[in-house]
There are 2 protein chains.
Amino acid sequence: MTISCQRPYREVLERLRMSGLRPTRQRLALARLLFGGCDRHVTAEALHSEAVSAEVPVSLATVYNTLHQFTEAGLLREIVVDAGRSYFDTNTADHHHFFHERTGLLVDIPGADVVLAQLPPAPLGTKINRVDVIVRIEG
Amino acid sequence: MTISCQRPYREVLERLRMSGLRPTRQRLALARLLFGGCDRHVTAEALHSEAVSAEVPVSLATVYNTLHQFTEAGLLREIVVDAGRSYFDTNTADHHHFFHERTGLLVDIPGADVVLAQLPPAPLGTKINRVDVIVRIEG
DNA sequence: GTGATTGCAAATCTTTTGCACTAAA
DNA sequence: TTTAGTGCAAAAGATTTGCAATCAC
């Protein structure tokens with residue numbers, strides 16, 4: 001049995017439009033790579049190679065710009081697990097991550113699988129934005 | 001009332017010796033800045049400025065090397081909260097962090113103040129190394 | 001003395017930026 | 001046509017590395 005997460009072209013396009021992002025050739029190509037299938041984690045460098053391999057010449061600078069625009073639009077979430085390298089997650093739902101330090105592999109943990117029974121109050125004058133749980137694994 | 005965490009010179013020196021690190025001028029000076037007082041969070045850049053201000057000329061490269069040696073020796077813990085900047089924490093006990101995104105301020109949360117009631121099992125063939133909880137705050 | 005440690009400068013790597021060019025509306 | 005978006009190359013940070021000089025033992 002195979003689970004497919006294939007999503008049609010027009011749905012991806014619609015998603016861009018809804019975010020107020022003009023569906024340019026490059027944005028569309030990147031969006032299809034990112035949102036056309038199952039949820040995934042990418043680095044800018046990796047997405048760039050992928051795009052180039054897929055005959056979609058995009059500059060690395062544009063990949064960076066696009067990833068940030070998508071993140072700002074709420075289509076992606078930036079994950080910080082590794083000093084000096086940013087990951088972007090297409091899964092924007094509430095969830096956490098396993099991070100394999102040696103391989104750099106990032107794996108989702110469904111939101112329900114981590115239960116934070118107690119959290120301290122935010123320091124005076126601040127409010128909690130998000131809670132990230134990173135389970136660092138090895139082996 | 002003031003809580004002091006002053007620690008004597010010879011204790012810091014002993015700590016280096018115990019870690020098998022030769023107590024050189026630079027290592028000792030950095031160790032005193034790091035471990036001579038209360039627990040703290042530093043970036044390489046910040047520690048370097050501090051050292052230079054304290055009349056202890058150390059090169060930035062040596063600060064980086066030293067921070068990593070200390071981390072490897074278990075005297076420090078590296079905290080990743082910000083892509084492209086590493087923080088080092090002198091508190092190596094089990095605990096978590098508030099991170100103020102705008103100011104870059106990092107504040108300890110005592111281990112007991114965060115209760116993880118449930119964690120998923122590590123993926124097959126791996127083991128959990130550490131669990132980091134980062135409470136991102138704003139305002 | 002001898003091997004570990006340091007400083008410096010250069011290299012590396014990731015990410016951002018400025019600006020002329022191109023494409024979407 | 002008009003404005004947003006793109007590519008490129010250069011800049012900006014953070015971190016690392018190579019190697020000769022220096023220091024702890």
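Basis for what follows: all heavy atoms, side chains included, without hydrogens, waters or symmetry-related copies. Below, chains carry the letters A, B, ... as their sequence lines are ordered, and counting in each starts from 1.
- Mapping Tyr87(B) and Arg17(B) onto DNA chain D by nearest heavy atom places Tyr87(B) closer to the 5' end of the strand.
- Contact of the Arg130(B) side chain with the Phe99(A) side chain is not registered, since no non-hydrogen atoms from C-beta on lie closer than 4.5 Å.
- In 5' to 3' order, the nucleotides of DNA chain C bounding all contacts with chain B (an atom under 4.0 Å from a heavy atom) are dG3(C) to dA9(C).
- Side-chain contact between Arg102(B) and Glu138(B) is absent, with no heavy-atom pair separated by less than 4.5 Å.
- Asp89(A) pairs in a side-chain hydrogen bond (donor to acceptor under 3.5 Å, both in side chains) with only one of the listed residues (Arg40(A), Arg77(A), His41(A)), which is His41(A).
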Verdict with supporting geometry, Asp132(B) and His96(B), side-chain hydrogen bond (donor to acceptor under 3.5 Å, both in side chains) | CA-CA 6 Å; Asp132(B) 288 336; His96(B) 301 289; 5.3 Å; no
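- Its side chain outside the 4.5 Å cluster rule for every partner, Leu124(A) clusters with none of the Ile, Leu, Val, Met, Phe, Trp and Tyr residues.
- Heavy atoms only, all atoms of each residue included: Thr43(A) and Arg85(A) are closest at CG2-CD, 3.8 Å.
- When Thr126(A), Leu116(A), Ile128(A) are each tested for a side-chain contact (heavy atoms from CB on, under 4.5 Å) with Val135(B), only one passes: Ile128(A).
- Residue His68(B) is in sugar-phosphate contact alone, with no base atom involved, counting any heavy-atom pair closer than 4.0 Å across all strands shown.
- The footprint of chain B on DNA chain D, defined by a heavy-atom cutoff below 4.0 Å, extends from dA14(D) to dC25(D).
- Note that CG of Asp82(A) is 5.5 Å distant from OH of Tyr87(A), once rounded to the nearest 0.5 Å.
- Thr43(B) comes within 4.0 angstrom of nothing in the nucleic acid, heavy atoms only.
- Across all strands shown, Arg22(B) has heavy atoms under 4.0 Å from base atoms, whether or not it also approaches the sugar-phosphate.
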